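Each chain gets a letter, A, B and so on, in the order the sequences are listed, and its residues count up from 1. Note that the structure is predicted; figures quoted are calculated from it, not measured.
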Amino acid sequence: MTADLIFVLLALLTLVPAVWVAFSRNIVHAGFSLLLTLLGVAGLYAYLGADFVAVTQVMVYVGGVLVLILFTVMMTRVPQNGRPRHGLDRFVPAAVFALGVFGLLYKTITAVEWAASEGAVEPTTAEIGTNFITSYIFPFEYVSLVLLAAMIGAAILIRERRPEETEEPAAPAPETEEEVAS
Amino acid sequence: MEAMYAFFMDTAGMDEMAAHITVAVIMATIMFIVMALCAIIFTWMERKVAGFLQSRYGPMRTGRWHGWAQAVADMLKILGKEDIIPAEADKPYFIFAPLLVLLGSLLAWAAIPWAPGFVAADLDLGLFYIFAVTSLVVLGILMAGWASNNKWALYGAARGAAQMVSYEIPLLLATIPVVLYTGSLNTQDIVIAQQGGVLNWFVFRDPFLFIAFWMYFIASIAETNRGPFDMPETESELVAGYHTEYTGMRFAFFFLAEYANLFLVSMIAVMVFLGGWWSPIPGLDFAPAACFVVKGVLMVFLNMWVRWTLPRVRVDQLMHLCWKVMIPVTLVCVVGAGIWMMASGAVG
């Protein structure tokens with residue numbers, strides 16, 4: 001009973017701000033609402049016993065991705081007092097895209113056989129670590145290689161031009177590397 | 001903690017859920033009171049330490065002995081001040097931002113092991129959890145800067161966020177060698193692994209851990225936005241940074257969070273590198289919590305010493321130090337500590 005109540009509260013914490021993210025006219029408000037949604041998702045992970053995934057969710061999405069989203073939004077020129085341009089030319093492609101994604105997700109969710117585990121909830125960290133360096137060592141190393149390549153790419157894109165190429169030195173932007181690192 | 005659960009479930013006859021909630025409320029209240037006391041004591045301490053380092057007295061009048069009541073008087077004054085919200089500010093976010101900063105800090109306090117068995121949240125991945133929830137502080141600072149609708153505040157917030165996001169990496173990397181040695185992220189396990197006197201503390205286990213400790217210390221100063229890395233609130237160029245527009249009680253929340261974070265990073269240093277609740281001499285562990293707090297206060301003193309001694313660095317120097325010096329050095333520490341462990345046979 002209490003467990004159901006906790007689930008409902010977490011689901012509301014995820015969904016209500018998510019609606020605000022989608023429909024808010026102020027893009028910074030939308031970004032900050034995303035904070036509650038991401039925390040709600042972390043709460044759902046913890047509720048399902050995936051403690052490592054829950055903390056990683058907070059670390060990566062709240063501490064890394066969301067900070068970068070807000071950073072980008074605040075540093076970008078926003079027309080008309082923080083309100084994005086809106087009209088039918090924006091609405092129709094967005095609606096088509098959103099419905100497409102929804103259909104895909106719905107199809108996947110209904111197609112998967114969801115098995116509920118019966119056993120007691122146990123800490124998962126040690127097992128995840130062991131699996132990373134045994135059964136899944138190749139995907140794990142491959143992902144780190146991809147991230148390294150992306151990081152080097154970002155460093156090349158933002159590097160200071162040589163004097164003969166341009167007069168103004170480009171400003172270093174360490175945030176870009178951070179995105180890759182997190 | 002077990003004793004508390006046993007008391008509420010057996011003596012008071014609560015079911016498990018009610019006992020959990022009661023214990024959680026009690027622990028949160030204790031932590032909040034300790035936090036508020038910290039802010040009061042450290043404000044006075046900071047002014048006295050600053051005075052001492054600059055050959056002057058600091059506050060001397062309020063109270064009788066060395067102005068001890070100055071911080072209390074300041075607190076009472078700040079509670080009675082007018083609460084001003086700028087007309088053009090984004091009101092709900094302006095109000096919520098200081099709470100978010102404080103929340104990030106308070107959540108992290110939950111995983112601090114004060115004494116054997118006395119930890120509010122005994123989590124399997126305690127250390128990772130602490131670093132994850134402190135990222136809420138960054139968001140709180142961004143929110144404060146943006147909602148104030150003030151260019152100084154926004155500059156301060158942007159600097160603060162860039163600095164804290166960057167220095168989080170060496171901060172985390174510096175603690176990884178310790179996790180390698182312990183084989184656990186649980187905060188109590190990390191402390192228990194350092195039993196047996198000062199030479200068993202992780203800071204003196206091997207040279208790489210010694211370097212990692214100082215890297216952690218430097219990164220923790222930047223993480224708390226204190227001098228010489230206090231660019232987010234440089235008074236000479238940004239008025240007061242992200243909390244320029246805050247007054248009265250709401251400003252007090254930022255102030256409280258600053259000292260709560262200062263003590264938090266000091267306690268993490270004590271927990272991870274300086275033996276936690278163990279006393280330096282083996283066998284003298286009759287007051288573990290006192291030992292833990294004394295070490296924490298010494299780390300705070302070290303932090304204040306640095307703040308009032310070194311001049312402020314520039315933004316580009318700050319980023320240079322983080323990305324080109326500290327991250328490579330901490331990466332070398334991680335690999336080096338691993339090799340040292342294998343060579344010395346400490347790998348289990």
Side-chain angles (χ1 to χ4, degrees), chain A residues 1-3 5-6 26-29 31-36 38-39 42 46 49 51-75 81-82 121-130 151 155 171-179 181-182, chain B residues 15-18 20-21 88 90 92-93 96-97 100 103-104 107 123-143 145-147 149 154 157-158 160-169 172-173 179 183-186 315-316 318-320 322-324 327:
Chain A
M1 182 54 220
T2 335
L5 186 70
I6 292 172
N26 188 322
I27 193 160
V28 178
H29 287 179
F32 280 125
S33 305
L34 205 53
L35 166 67
L36 293 176
L38 294 172
L39 287 179
D51 54 352
F52 186 79
V53 184
V55 177
T56 312
Q57 162 87 8
V58 176
M59 184 91 202
V60 173
Y61 283 94
V62 177
V65 174
L66 185 56
V67 170
L68 281 163
I69 290 176
L70 288 170
F71 226 91
T72 323
V73 166
M74 286 176 187
M75 295 294 134
N81 197 20
V121 174
E122 279 172 9
T124 53
T125 320
E127 206 169 323
I128 289 175
T130 313
M151 206 151 110
E175 299 84 44
T176 325
E177 293 174 36
E178 164 56 21
E179 177 175 29
S182 63
Chain B
D15 61 5
E16 203 187 333
M17 198 70 195
H20 266 287
I21 292 171
E88 291 295 310
D90 201 320
Y93 292 87
F96 187 57
L100 195 60
L103 181 72
L107 279 175
L123 298 167
D124 187 50
L125 25 84
L127 192 61
F128 192 36
Y129 161 84
I130 290 177
F131 289 124
V133 290
T134 43
S135 56
L136 287 178
V137 176
V138 186
L139 279 172
I141 286 176
L142 265 180
M143 193 185 274
W146 184 80
N149 209 350
L154 188 59
Q163 174 175 336
M164 290 172 83
V165 165
S166 306
Y167 273 87
E168 214 175 329
I169 299 166
L172 262 169
L173 283 175
V179 178
S184 168
L185 286 163
N186 185 306
V315 178
D316 61 316
L318 175 90
M319 286 301 168
H320 174 91
C322 179
W323 291 93
K324 294 182 181 171
I327 290 178

Inset, instruction - Fit a plane to each ring of A:Phe32 and B:Tyr93, take the angle between them on a 0 to 90° scale, and name the class: parallel (under 30°), tilted (30 to 60°) or perpendicular (over 60°). - result: tilted
Legend entry - Value rounded to 0.5 Å, distance of CG in B:Leu125 from CE in A:Met59: 12.0 Å
Inset, instruction - Could you walk me through whether B:Phe128 and A:Thr56 pass the side chain to side chain contact (heavy atoms under 4.5 Å, CB included) test, one step at a time? - result: CA-CA 8 Å; B:Phe128 192 36; A:Thr56 312; 3.5 Å; yes
Inset, instruction - Name the region of B:Asp316, side chain, backbone, both or neither, that has any atom closer than 4.5 Å to a heavy atom of chain A. - result: neither
Inset, instruction - Examine whether an atom of B:Ile130 lies under 4.5 Å from a heavy atom of chain A, and if so say whether it belongs to the side chain, the backbone or both; otherwise answer neither. - result: neither
Inset, instruction - Can you establish whether the number of heavy atoms outside A:Tyr61 located under 6.0 Å from its atom OH is more than 12? - result: no
Compare every heavy atom of [Y] with every heavy atom of [X], then report the nearest pair and how far apart it is.
| X | Y | result |
| --- | --- | --- |
| A:Phe71 | B:Ala162 | CE1-N, 3.8 Å |
| B:Ser135 | A:Gly63 | CB-CA, 3.3 Å |
| A:Val58 | B:Ala132 | CG1-O, 3.6 Å |

Legend entry - A:Leu35/B:Leu100 under side chain to side chain contact (heavy atoms under 4.5 Å, CB included): CA gap, chis, key distance, verdict: CA-CA 11 Å; A:Leu35 166 67; B:Leu100 195 60; 3.8 Å; yes
Legend entry - Full working for side chain to side chain contact (heavy atoms under 4.5 Å, CB included) between B:Met164 and A:Val67: CA-CA 11 Å; B:Met164 290 172 83; A:Val67 170; over 6 Å; no
